[in-house]
Amino acid sequence: MEATKKQTTAGVIFAIIAIMIWSGNFIVSRGLSGMYSPFATAFFRWFLACIFLFPFAFKHVKAEWKYIMEQKWIILLCGLTGTGVYSILCYTAGQTTSAANMSLLATSSPVFTVIIMRILYKEKITPQKIFGIVLAIVGVVLLIIKGDINVLLNLDFTTGDLVIILATLIWSIYTILNKYKKSNVSTWSFIFCGFVVALMVTVPLFIADTVMHGFPQIEKIGAGCFLYLAIGPSIISFMLWNKAVLYLGATNSSIIYNTIPVFSCILAFFILGEPIRLIQIISMFVIFIGVAIAQDSIKFGKGKGSEAE
């Protein structure tokens, strides 16, 4: 009983930390858009992530290879969706849309997840959950427009916004696919194999892009961003997110994803010096309250299972 409570609490903490790190992904995506193609950014991200993760994951992959092969289709699908295709779409969207738009549209993730879980698994959608999701989205909108309705009316939506919506749908599918992961494959193996799949997806695209435009010139700021993407949003966040989905379930984890604009705002304050207004602080509280209300299916004392390490 006590262990389950700890797992649930840990799941929430893991999800929030993962999202805190991911919040910089949209900013970096937008910042790199004028320097590197989406394919180059995705390639260097997953190439470096595989290199850094290999020493830690190799022994797990070797010991669990039999079970990995038994789950190869789930691992392949997760690698295609949540890592490979999702990252390429995000970096493609960053070429034509703003970080604010990307953060705003990313909040559609819990909506997609709830709908898919309802259709495929008949998961109950309670009024409390709907109210919490809506309240969190309202908070996100208030946070981004800073209480000025004219900002919302004047948002410039582009094809990149459609791309980020598609990416968010794919991310929701990835989150749901995680529920099929069996405990005999550790998170180390699962994440590393997914990264390898993502790298395999990006390699031919990167080669084609290099043939057409030449090999990208790697500058210090670009190298720093690639290292951040490989270690933070890739290795650390994916490890934590998969743990969170294991402990909380796909829907609850996806709802917590709505806090990403909060951390993007805080990150912009510390790194870019952007001021935080009172209406934004209020909006952050609204988001967290909405997320908390929507977590009606988290039952302390009812376990989600355990995982092999």
Side-chain angles (χ1 to χ4, degrees), residues 1-19 21-22 46-47 49-87 113 116-117 120-123 170-201 230-231 233-254 256-257 297-309:
M1 188 76 71
E2 184 64 28
T4 302
K5 290 182 180 180
K6 289 181 179 179
Q7 284 184 348
T8 305
T9 302
V12 173
I13 295 173
F14 290 160
I16 290 177
I17 295 176
I19 291 167
I21 299 173
W22 271 328
W46 299 121
F47 176 72
C50 286
I51 290 178
F52 293 145
L53 191 57
F54 179 79
F56 305 97
F58 176 73
K59 64 178 181 180
H60 296 279
V61 173
K62 183 179 179 181
E64 300 161 8
W65 186 251
K66 173 184 175 182
Y67 306 112
I68 291 173
M69 287 295 98
E70 291 176 354
Q71 300 181 57
K72 58 181 178 294
W73 294 114
I74 291 299
I75 294 173
L76 178 63
L77 287 173
C78 285
L80 285 172
T81 55
T83 49
V85 176
Y86 175 78
S87 62
T113 304
I116 294 173
M117 291 296 287
L120 297 182
Y121 306 103
K122 309 301 180 183
E123 182 176 281
I170 289 175
W171 178 257
S172 298
I173 294 173
Y174 167 79
T175 299
I176 293 172
L177 284 172
N178 269 268
K179 77 192 301 294
Y180 291 101
K181 174 186 173 296
K182 296 179 180 179
S183 60
N184 53 14
V185 173
S186 66
T187 302
W188 290 105
S189 297
F190 189 76
I191 296 299
F192 178 75
C193 291
F195 287 3
V196 171
V197 172
L199 181 61
M200 292 172 62
V201 171
I231 298 173
S234 297
I235 297 175
I236 298 176
S237 287
F238 272 87
M239 292 285 291
L240 294 174
W241 185 256
N242 279 270
K243 286 285 190 179
V245 173
L246 174 71
Y247 295 151
L248 304 178
T251 301
N252 287 316
S253 300
S254 184
I256 297 176
Y257 193 79
S297 62
I298 290 183
K299 303 298 183 182
F300 287 92
K302 296 184 179 180
K304 298 286 183 181
S306 60
E307 179 184 23
E309 288 298 329

CG of L80 to OH of Y86, rounded to nearest 0.5 Å, is 16.0 Å
To the closest 0.5 Å, what do you measure between NZ (K6) and CD1 (I13)? 12.0 Å
Is the NZ atom of K72 crowded by more than 12 outside heavy atoms at less than 6.0 Å? yes
Give me the atom names and distance for the closest heavy-atom approach of K181 to S186. CE-O, 3.9 Å
Give the minimum heavy-atom separation between V185 and S189, together with the two atoms involved. CG1-CB, 3.9 Å
Would you indicate whether the side-chain heavy atoms of N184 and Q71 approach each other to under 4.5 Å? yes
Atom pair OG1 (T175) and CE (M117), whose distance is rounded to the nearest 0.5 Å: 10.5 Å
Shortest non-hydrogen contact from L248 to T8? CD2-O, 3.5 Å
Nearest-0.5 Å distance that lies between atom CD1 in I75 and atom CD in E70: 10.5 Å
Measure the shortest side-chain to side-chain distance between I256 and N252 over non-hydrogen atoms and say whether it is less than 4.5 angstrom. no
Can you find a heavy atom in the side chain of W22 that is under 4.5 Å from one in the side chain of Y257? yes
W241 versus A15, closest heavy-atom pair with distance: CZ3-CB, 4.1 Å
Does a sphere of radius 6.0 Å around OH in Y67 hold more than 12 heavy atoms from other residues, nucleotides or ligands, not counting ones at 6.0 Å or beyond? no
Could you tell me whether W171 and Y174 have their ring centroids closer than 6.0 angstrom? yes
Shortest non-hydrogen contact from T187 to K243? OG1-CE, 3.8 Å
Might you work through the side-chain contact (heavy atoms from CB on, under 4.5 Å) test for I68 and V61, ending with a clear yes or no? CA-CA 8 Å; I68 291 173; V61 173; 3.9 Å; yes
CD1/I176 to SG/C78 distance, rounded to the nearest 0.5 angstrom? 11.0 Å
Does any part of the side chain of V12, heavy atoms only, come nearer than 4.5 Å to the side chain of Y247, both counted from C-beta? no
Are the side chain of S234 and the backbone N or O of I231 linked by a donor-acceptor pair below 3.5 Å? no
How many angstroms lie between CG in L240 and CD1 in I19, if you round to the nearest 0.5 Å? 10.5 Å
Pairwise side-chain contact, W46 with V201, heavy-atom cut-off 4.5 Å (strictly under): no
Between A49 and F195, which heavy-atom pair has the shortest distance, and what is it? CB-CD2, 3.8 Å
Short side-chain to backbone donor-acceptor contact, T81 and L77, under 3.5 Å: yes
